[in-house]
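See structure below.
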Amino acid sequence: MIFSDTTHLSLRNLREAKLRTTLTTLGVAIGIASLVSMVSLGVGLQEQTVGRFLKSGMFDSITVFSRQAGAGFNFQAARRRPRANSKSTGMSQPDKPSPPLDDAALKKISSLDRVKEVYPNLRVPLEVKFGDFSEFSAATGVPMSTRGEGVFQKIAFGSFFPNDTDDVCMVSLDFASRMTDKDPKDLVGKEVTLGYASGGNAQSVLNLLGGMSLQRVEKKFRIVGIVEREPGPNFAAGIFSAVMIPLRKAQQMGVYDFSTPQAFLRQLSQKPSYASLTVRVSRPQDTDDVEKKIKDLGFNAFSINDALQGAKRAFIILDIILGVIGSIALAVASLGIVNTMVMSILERTREIGVMKAIGGSEGDIRKIFLVESCIIGLMGGLIGIALGWVVGKTINFGANFYIQRQGGTPGQLFFIPWWLVACGVGFSILVSLIAGSYPAARAARVDPIKALRHD
């Protein structure tokens with residue numbers, strides 16, 4: 001018996017018992033809807049947390065310090081490391097000096113495999129003037145690659161930098177509110193005066209130790225955007241400040257990092273170097289390998305990629321638990337499939353005997369009942385996916401309505417990716433085939449002589 005004939009007979013048999021088939025299919029659909037809703041909730045929660053962190057760039061970023069700069073920052077383990085001395089080795093072995101974190105180091109780190117981008121973290125004090133307003137603050141250099149990431153995913157008013165060569169800046173919403181008594185959004189397009197210390201020549205106003213010269217420079221910058229930092233950790237938090245200018249523009253301005261006394265002394269004692277660098281890797285999975293290579297170069301480096309792995313494991317466990325809970329309804333539905341198929345055998349015993357009498361094999365009989373089970377599973381899976389989507393959207397709408405009423409930020413609590421749709425339908429068919437295997441085997445073993453005598 002060819003497959004098309006088997007399918008035709010199966011569909012005919014299902015149509016002859018419409019009510020029973022409909023109820024059984026509906027049971028499978030409810031089971032799949034329960035399973036999909038539970039798993040989509042776990043996926044949605046994961047997307048709201050881990051997915052948001054991934055988009056912020058937190059887990060594909062590495063912060064790099066020179067060992068002199070990092071010793072007082074957060075590397076107590078290195079400080080406690082025992083030094084080799086004459087008592088232990090018989091000779092003095094001083095620590096290898098750490099290379100400076102300058103442009104040469106930046107270029108060396110950029111050449112590492114799987115490194116997407118490297119840029120210095122520039123944070124420079126300055127004076128901001130706007131009309132009668134004057135306040136000392138700090139400006140950070142923001143790379144153009146952060147457009148649409150972290151706190152820059154959404155600009156409250158205005159837009160991100162159009163390029164990295166114009167004299168433009170962005171300011172925080174809090175700082176903009178202090179600059180004017182009017183609506184802060186009116187500052188977009190206005191010019192502010194930034195006064196900062198810049199590297200000069202021998203005839204500059206101020207000559208300091210080590211041949212480094214500084215001069216005060218005042219320059220007008222046009223405000224192109226006002227940024228409101230959202231709560232919660234994100235990658236761009238390190239480059240969010242009262243005033244933000246393009247990184248390339250900050251480097252062209254020749255500004256020095258005087259954000260800390262250590263940074264100031266570093267500029268006096270040696271040629272200008274950076275307090276820290278940010279390294280962006282191609283994928284979060286590459287963070288550990290790149291971090292190790294950076295440490296091998298003699299620098300201190302750290303990232304928070306381990307926190308991502310822990311969060312992923314937690315959500316995998318949550319998805320498994322929710323999937324098991326959702327599968328209970330599908331297990332109950334599978335009993336309905338067994339009942340439907342067994343009842344079908346009892347009603348069609350004589351028909352089975354006729355098919356065997358005219359040459360039908362046990363395999364053909366078994367195949368007919370398995371195809372019927374498969375059709376029920378397929379229809380139930382598709383209806384269940386649609387039902388789960390409707391239930392998720394309804395609950396998500398109600399939850400977001402409540403969250404907004406409480407002053408929170410709405411989000412997508414239920415998320416159904418394509419793989420969940422495919423797995424839902426496939427699992428439904430698999431469960432239906434397993435549930436129909438016993439009735440199919442029972443039908444195949446029917447004695448044709450007894451079946452023909454069956455009323």
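Keep in mind that this is a model prediction, so the values were computed, not measured.
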Discussion item. I'd like to check F133 versus R178 (side-chain heavy atoms, cut-off strictly below 4.5 Å). Are they in contact?
Written reply: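 Touching, per the 4.5 Å side-chain cut-off.
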
Worksheet item: Are L106 and L277 side-chain neighbours, meaning at least one heavy-atom pair lies under 4.5 Å?
Response: yes

Quick one: does [X]'s side chain have a donor or acceptor within less than 3.5 Å of a partner on [Y]'s backbone?
X: S37; Y: S34; result: no
X: N396; Y: G392; result: no
X: N163; Y: D166; result: yes
X: S428; Y: L378; result: no

Practice prompt. To the nearest 0.5 angstrom, please state how far the CG atom of L122 sits from the CD1 atom of I245.
Written response: 8.0 Å

Once salt bridge (charged side-chain N to carboxylate O under 4.0 Å, His left out) is applied, what residue pairs with a partner in [range] remain, sequence neighbours excluded?
range: residues 19-44; result: R20-E347
range: residues 108-120; result: R114-D286, R114-D289
range: residues 372-397; result: R348-E372

Worksheet entry | Ion pair check, D167 and K249, cut-off under 4.0 Å |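 Between K249 and D167 there is a salt bridge, with a charged N closer than 4.0 Å to a carboxylate O.
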
Discussion item. Centroid separation under 6.0 Å, is that true for the rings of F175 and F130?
Written reply: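 No, they do not, as the ring centres are separated by 6.0 Å or more.
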
Discussion item. Test side-chain hydrogen bond (donor to acceptor under 3.5 Å, both in side chains) on T140 and S241; report intermediate values, then the result.
Written reply: CA-CA 6 Å; T140 55; S241 64; 3.2 Å; yes

Worksheet item: Does the pair K219 and L194 meet the rule for a side-chain contact (heavy atoms from CB on, under 4.5 Å), with working shown?
Response: CA-CA 5 Å; K219 203 169 186 180; L194 304 183; 5.6 Å; no

